[in-house]
Amino acid sequence: SPYSERMAAYFSAKHYQQKKTGDLPEVVCISTRNDSLYIGIEQSFSVKAPAERVTALLDDFGNYPKLFEDIVKAYTTKSSGSSYFILRQEQKMPIPFLPHLVYDMAYFTNAEKKGKSYLYKLCGGKDMKYNDGMISILSTSPQSCSFYELDFIYGNWSALGSLSDSMIWS
């Protein structure tokens with residue numbers, strides 16, 4: 001995931017609890033049968049911080065540009081209570097001279113005593129065909145939690161997609 005290193009850096013030695021000495025967050029890329037451009041990313045890691053602190057960080061959309069280096073801005077365009085909202089994001093492309101991606105994601109959240117879950121799905125924008133997934137943050141102790149994300153992305157890959165799907169995977 002483009003965010004895995006950024007999340008790990010944020011949760012540095014002070015916040016990030018390694019599974020075993022030397023381990024990094026587990027990241028798995030998943031291919032989609034019959035469509036190599038529809039990419040799945042699964043990541044999980046332990047965090048040495050309370051679940052409430054991690055969910056507060058994820059719920060602070062205005063600070064996404066500080067947390068995720070490719071996000072230019074993020075803000076809600078619609079909400080219904082604390083369990084449903086639409087988040088508009090503007091994201092830098094990894095290739096120079098290409099315009100930023102702008103898209104809307106619908107989020108459904110469920111906060112429980114032991115953590116919070118987020119289900120999300122693309123609901124607007126011309127730059128992606130599909131983007132859906134889920135994040136689960138569960139308390140494992142008063143001072144730590146687990147982070148799990150499963151994300152599937154199918155972008156309008158512009159020049160990248162026409163060159164080769166191997167470029168997308170690299």
Side-chain angles (χ1 to χ4, degrees), residues 1-12 15-16 24-45 47 54-110 116-137 147-170:
S1 165
Y3 305 126
S4 297
E5 288 181 44
R6 187 75 172 170
M7 292 290 283
Y10 179 83
F11 295 118
S12 66
H15 304 291
Y16 176 68
L24 294 174
E26 182 178 337
V27 178
V28 177
C29 293
I30 305 166
S31 62
T32 302
R33 189 183 316 191
N34 301 324
D35 198 340
S36 61
L37 298 178
Y38 194 18
I39 300 169
I41 300 165
E42 178 182 31
Q43 61 180 334
S44 63
F45 52 91
V47 180
V54 176
T55 58
L57 175 73
L58 288 177
D59 291 342
D60 187 2
F61 312 119
N63 277 316
Y64 273 25
K66 293 177 186 171
L67 181 62
F68 304 113
E69 63 190 22
D70 59 337
I71 298 292
V72 176
K73 60 179 140 177
Y75 55 92
T76 56
T77 61
K78 180 180 179 180
S79 66
S80 177
S82 61
S83 63
Y84 172 78
F85 56 91
I86 294 179
L87 181 66
R88 175 160 294 156
Q89 297 182 84
E90 183 176 335
Q91 183 175 354
K92 291 182 227 173
M93 288 290 287
I95 299 174
F97 310 115
L98 289 180
H100 294 168
L101 298 174
V102 178
Y103 54 93
D104 295 336
M105 300 290 287
Y107 280 80
F108 300 89
T109 65
N110 184 28
K116 190 171 185 176
S117 60
Y118 302 78
L119 299 174
Y120 53 88
K121 185 170 184 63
L122 182 70
C123 67
K126 62 182 180 2
D127 299 314
M128 282 192 265
K129 293 181 182 181
Y130 309 107
N131 186 338
D132 53 340
M134 57 86 59
I135 296 171
S136 175
I137 298 165
F147 178 99
Y148 176 80
E149 181 177 17
L150 184 59
D151 192 22
F152 285 92
I153 304 163
Y154 194 131
N156 290 331
W157 299 109
S158 64
L160 274 181
S162 63
L163 292 173
S164 164
D165 47 327
S166 66
M167 290 197 66
I168 302 294
W169 282 92
S170 61

Below 4.5 Å, heavy atoms only, C-beta onward: do Tyr148 and Glu42 meet side chain to side chain?
yes

Does Leu58 offer a backbone N or O that forms a donor-acceptor pair with the side chain of Tyr64 under 3.5 Å?
yes

Within the 4.5 Å heavy-atom criterion, are Tyr38 and Lys129 side-chain neighbours or not?
no

Any chance you could lay out the side chain to side chain contact (heavy atoms under 4.5 Å, CB included) test for Gln43 and Phe147, step after step, and finish with the verdict?
CA-CA 8 Å; Gln43 61 180 334; Phe147 178 99; 4.3 Å; yes

Between CG on residue Leu67 and CG on residue Leu57, distance to nearest 0.5 Å
5.0 Å

Here the gap from Ile137 atom CD1 to Glu149 atom CD, rounded to the nearest 0.5 Å, amounts to 9.5 Å

Once you round to the nearest 0.5 Å, how far does CG of Leu101 lie from CE of Met128?
6.0 Å

Pick from Gln91, Arg88, Lys126: which one makes a side chain to side chain contact (heavy atoms under 4.5 Å, CB included) with Tyr103?
Gln91

Taking every non-hydrogen atom, the tightest pair across Asp132 and Asp151
O-OD1, 3.5 Å

Using ring-ring contact (aromatic ring centres under 6.0 Å, His included) as the criterion, list what pairs up with Tyr120, not counting sequence neighbours.
Tyr107

Please assess Asp70 against Lys92 for the test salt bridge (Lys or Arg N to Asp or Glu O under 4.0 Å), listing each intermediate value before the final yes or no.
CA-CA 5 Å; Asp70 59 337; Lys92 291 182 227 173; over 6 Å; no

Is the count of non-hydrogen atoms from other residues, nucleotides or ligands lying under 6.0 Å from Tyr84 atom OH greater than 12?
yes

What heavy-atom pair brings Leu87 and Thr76 nearest, and what distance separates the two atoms?
CD1-N, 4.1 Å

Minimum heavy-atom separation for Leu122 to Met105, with atom names?
CA-SD, 3.7 Å

Would you check, one step at a time, whether the test side chain to side chain contact (heavy atoms under 4.5 Å, CB included) holds for Val27 with Phe45?
CA-CA 9 Å; Val27 178; Phe45 52 91; over 6 Å; no

Heavy atoms only: give me the nearest Pro65-Val72 pair and the separation to one decimal.
CG-O, 3.3 Å

Over all heavy atoms of both residues, which pair between Cys123 and Ala106 is shortest? Give the atoms and the distance, please.
SG-N, 3.7 Å

State the CE-CG distance between Met134 and Leu150, to the nearest 0.5 angstrom.
7.0 Å

Once you round to the nearest 0.5 Å, how far does CG of Asn131 lie from OH of Tyr154?
13.5 Å

